[in-house]
Each structure stands twice: as structure tokens, then as C-alpha cells.
Amino acid sequence: MDETQSKTSPRGVPTLQVKNLHKQYAGTEVLKGVEFSIDKGQVKAVLGPSGSGKSTMLRLMALLEPADQGQILLNGVQLNGEEVNGVPRHVPERKLAVRRRAIGMVFQKFNLFPHMTAIENVSSGLINVLGISKNDSRDQAAAMLERVGLGDRSNYFPAELSGGQQQRVAIARALVMNPEVMLFDEPTSALDPELVGEVLQVMEDLANSGMTMIVVTHEVRFARRAADEVTLFDSGVIVEQADPENFFENPQHKRTRKFLSHVH
Ligand SMILES: Nc1ncnc2c1ncn2[C@@H]1O[C@H](COP(=O)(O)OP(=O)(O)O)[C@@H](O)[C@H]1O
Ligand SMILES: [Mg+2]
């Protein structure tokens with residue numbers, strides 16, 4: 001078993017922590033030393049202008065892309081690198097694939113496999129990554145579809161589902177892997193307004209069930225209702241973090257006040 005698979009974090013150690021995270025694309029620095037942490041069962045909402053690096057931060061946290069510099073730690077153990085006898089070493093892809101399972105990610109555009117039914121989408125990771133039998137995977141996937149309110153849509157293809165239903169399938173697909181942290185990247189931004197509520201409801205239920213969640217969103221009402229802490233991300237750094245009441249009613253930074261004046 002990989003040392004990062006432990007389900008309990010030592011006392012006082014955040015579930016997920018990012019230290020001094022840097023990333024650049026073609027010479028442009030997109031992340032400029034991000035510091036972020038989340039404790040078990042916490043829900044953090046991340047707000048911020050378009051192009052500020054929010055998606056990049058999530059992709060790095062999900063180990064979908066390498067950081068240029070900085071650490072990503074799960075329960076105090078570094079995920080995005082390792083040291084052998086004190087010498088930093090690249091983590092081989094095989095090991096990264098194992099570590100990735102601890103972190104579930106939901107994208108703005110759902111990213112479902114179009115040629116697979118809902119239940120095949122949800123069970124594919126169990127079969128192909130975890131090596132669970134087809135029958136057991138189907139049972140687990142069916143239970144997870146039930147949980148997101150789609151028990152009766154198991155055999156539908158993505159194109160036969162509404163955007164809200166597709167996004168709920170995507171949430172089920174991430175959840176069925178039993179991740180320690182769920183990352184959401186503007187999960188309702190691609191939806192018609194009348195479909196936003198059903199997805200937020202599933203996310204709120206998940207938050208109430210104790211899931212550790214980082215949610216990049218523009219949904220101020222969701223942030224107020226479901227988040228323990230709200231963060232403003234701008235120009236590759238975290239500007240402000242506070243509980244929802246203080247964040248929205250009494251922001252300390254000028255950039256936060258300016259941002260809120262546009263979204264309110
Ligand atoms: N794979 C990539 N290659 C080149 N530039 C990228 C890539 N991903 C993101 N960027 C650039 O990084 C900046 C931040 O993007 P992103 O993380 O998507 O911001 P946000 O999610 O806050 O809108 C943007 O200027 C974007 O064009
Ligand atoms: Mg984005």
C-alpha cells in the first residue's frame with residue numbers, strides 16, 4: 001500500500017495542503033506561490049476572476065499536471081514528489097496513478113465518456129483502475145447513481161441526459177472511487193440556470209455528509225450556505241480567506257471588495 005493511502009491524518013495535520021505552489025506556461029507565471037490547506041470535513045469555496053489560475057491550482061492538486069515548484073501534501077505526506085535518501089526524485093507515473101485516486105475532480109464540462117452509459121462511466125474507474133470485478137463495480141456504481149438521484153438513468157448515454165444529470169453522473173464517477181478530497185472546478189458554470197439547483201443540492205448533501213471539498217465557483221449563495229471558509233484567488237495567489245459571514249460582509253482586502261462589487 002502506498003503511504004499516501006492512509007485514511008487518517010495525524011492530529012493537527014491538514015488533509016490536503018499546498019505549499020509555495022508555482023506554475024508557469026510559456027514564461028508566464030500563472031501560480032505565484034499558492035499556500036492553501038483544508039482540514040478533514042471542511043468545505044472551502046474559491047472565488048476569483050477568470051484567468052487568475054484557479055483551474056490550474058486544482059489540476060495541480062489533482063496531480064493531473066506537475067508543479068514547477070512547491071509541495072502538495074495529503075495527510076502530511078508529499079504527493080507530488082518524493083525524496084530518496086534526502087534527494088528529491090520524480091514520482092513515476094505508475095505511483096502517481098495510485099496517488100491520484102485519493103483526489104476526486106469534477107470539471108466544468110463534465111468530461112464523461114460519450115460512448116459509455118451512465119453506469120459504465122461511473123464503474124469504469126473501479127474496473128480499470130481498482131481492478132474490481134464487473135459485477136461488484138456495477139453494484140457500487142448503481143448505488144452511487146442512486147445517491148445522486150439518477151437510479152433510473154443508469155443505462156442512458158450522456159447525450160440522452162441533461163447537463164445537470166451529466167454533471168451528477170460525473171460527481172458519482174468521482175465519488176465511487178472513495179476519494180479523501182473532492183475538487184470541483186466551476187461545476188455549474190456550463191449549465192442552464194434551471195439545472196444549477198439540482199447539482200448544488202447534490203454537492204450540499206455531500207458537504208453535509210462530511211466530505212472534504214474545495215469548490216471553485218461563482219455561486220455566492222452556495223458559498224454562503226455550504227462553505228466553512230471562502231477564499232479569494234487572484235493573479236496566481238490567495239488574497240483573502242475568511243468564514244462566509246466575514247468574507248462577504250466584512251472583506252479586509254481592497255481586491256476582495258472590488259471583486260464582490262462585481263458579483264453581488
Ligand atoms: N495548459 C495551458 N497552457 C498555456 N496556458 C495556460 C494553460 N492552462 C492555463 N493557462 C493560462 O493560465 C492562466 C490561468 O488559467 P486558469 O487556471 O484556467 O484560470 P481560471 O481557472 O482562474 O480562469 C490563463 O491565462 C490561461 O490562459
Ligand atoms: Mg477555470
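When a ligand or atom number is given, it counts from 1 through the structure's own listing order.
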One pair to check against side-chain contact (heavy atoms from CB on, under 4.5 Å): E198 and S162. What are the steps and the verdict? CA-CA 11 Å; E198 65 192 58; S162 73; 4.2 Å; yes
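- Side-chain contact check for D136 and Q140: no donor-acceptor pair (N or O, by modelled atom type) lies under 3.5 Å.
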Hey, mind stepping through V91 and R99 against side-chain contact (heavy atoms from CB on, under 4.5 Å) and telling me if it holds? CA-CA 10 Å; V91 184; R99 294 177 176 193; 3.9 Å; yes
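- Two different hydrophobic clusters hold L63 and L73 under the rule that ILVMFWY side chains link at heavy-atom gaps under 4.5 Å.
- Scored by the side chain to side chain contact (heavy atoms under 4.5 Å, CB included) test, T28 finds no partners at all (sequence neighbours excluded).
- Looking at heavy atoms from C-beta onward, T188 lies out of side-chain contact with F222 at the 4.5 angstrom threshold.
- By the 4.5 Å heavy-atom criterion applied to side chains, Q108 and S55 are not counted as neighbours.
- By the side chain to side chain contact (heavy atoms under 4.5 Å, CB included) test, A141 is found to be paired with I119, V122, S123, residues two or more places apart in sequence or in another chain being considered.
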Give a table of atom pairs where an N or O of ligand 1 lies under 3.5 Å from a protein N or O.
residue, atom, partner, partner atom, Å
ligand 1, 8 (N), R59, NH2, 3.3
ligand 1, 17 (O), T56, N, 2.9
ligand 1, 17 (O), T56, OG1, 2.6
ligand 1, 19 (O), G53, N, 3.1
ligand 1, 21 (O), S55, N, 2.9
ligand 1, 21 (O), S55, OG, 2.8
ligand 1, 22 (O), S52, N, 3.1
ligand 1, 22 (O), S52, OG, 3.4
ligand 1, 22 (O), G53, N, 3.0
ligand 1, 22 (O), K54, N, 2.9
ligand 1, 22 (O), K54, NZ, 2.8
ligand 1, 23 (O), G51, N, 2.6

Side chain to side chain donor-acceptor pair (under 3.5 Å) evaluation trace for Q201 with D205: CA-CA 6 Å; Q201 187 59 54; D205 292 345; 3.0 Å; yes
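- Counting only distances under 2.8 Å, and ignoring water, the protein N, O or S atoms around the Mg ion (ligand 2) are S55 OG.
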